[in-house]
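A short write-up of the structure that comes next.
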Amino acid sequence: VKMELIFVNAKHLNADQRRFSKLFYWSAFYGLQDVVFKFLGLGVSPFMKIYNGKNAIDACIEGLQYDLLELLLKDSR
C-alpha cells in the first residue's frame with residue numbers, strides 16, 4: 001500500500017501532535033497493529049524520532065514485536 005508521508009520530523013509537530021506521537025510509539029511497542037497502521041495512514045513516518053530519541057521501529061524491537069516490525073519494514077520500500 002502506497003502512503004504519502006506528511007510527518008517525517010518531530011520538529012514540525014505542534015504540541016498536540018507531539019503528545020499523540022507518543023501513542024504511536026507505545027502502540028508499536030505493544031504490537032497494536034490497528035493503531036500503528038492508523039498513524040501510518042495519517043502520514044506519520046515510522047522512522048520519525050518521537051519518544052526519547054526513538055521511533056516506532058525502535059519500539060517494535062524493544063517490545064519484541066517482530067511481526068509488526070517486518071510489516072513496517074516491508075511497507076517502507
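Since the structure is predicted, the reported quantities are computational estimates derived from the model, not experimental observations.
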Got a second to check how far Phe24's CZ is from Lys38's NZ, nearest 0.5 Å?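 Between Phe24 CZ and Lys38 NZ, I get 13.5 Å after rounding to 0.5 Å.
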
For the atom pair CG (Leu42) and CD (Gln17), what is the distance rounded to the nearest 0.5 Å?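 Result: 10.0 Å between the selected atoms.
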
Where at least one partner belongs to residues 53-67, residue pairs that pass side chain to side chain donor-acceptor pair (under 3.5 Å), sequence neighbours excluded: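 Residue pairs with at least one partner in residues 53-67: Tyr25-Glu62, Lys54-Glu62.
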
What do the steps show when you test Val44 against Leu40 for side chain to side chain contact (heavy atoms under 4.5 Å, CB included), and what is the final call? CA-CA 5 Å; Val44 181; Leu40 293 175; 5.8 Å; no

Report the C-alpha distance between Lys22 and Ile50 in whole Å, list the side-chain angles of each, state the deciding distance to 0.1 Å, and finish with yes or no for side chain to side chain contact (heavy atoms under 4.5 Å, CB included). CA-CA 6 Å; Lys22 289 178 178 67; Ile50 51 177; over 6 Å; no

Could you check if a side-chain atom of Phe37 sits within less than 4.5 angstrom of a side-chain atom of Leu71, using non-hydrogen atoms only?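 The answer is yes, as the side chains (C-beta and beyond) meet within the 4.5 Å cut-off.
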
May I ask you to test the Trp26-Tyr51 pair for a side-chain heavy-atom distance under 4.5 Å?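 Side chain of Trp26 against side chain of Tyr51, heavy atoms only: contact under 4.5 Å found.
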
Nearest non-hydrogen partners of [X] and [Y], listed with the distance:
{"X": "Leu68", "Y": "Ser27", "value": "CD2-O, 4.5 Å"}
{"X": "Ala56", "Y": "Ala28", "value": "O-CB, 3.6 Å"}
{"X": "Phe39", "Y": "Phe20", "value": "CZ-O, 3.4 Å"}
{"X": "Cys60", "Y": "Leu72", "value": "SG-CD1, 3.7 Å"}

If you count every heavy atom of other residues, nucleotides or ligands that lies below 6.0 Å from Asp34 atom CG, does the total exceed 12?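 Atom CG in Asp34 is not packed in, count stays at 12 or less.
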
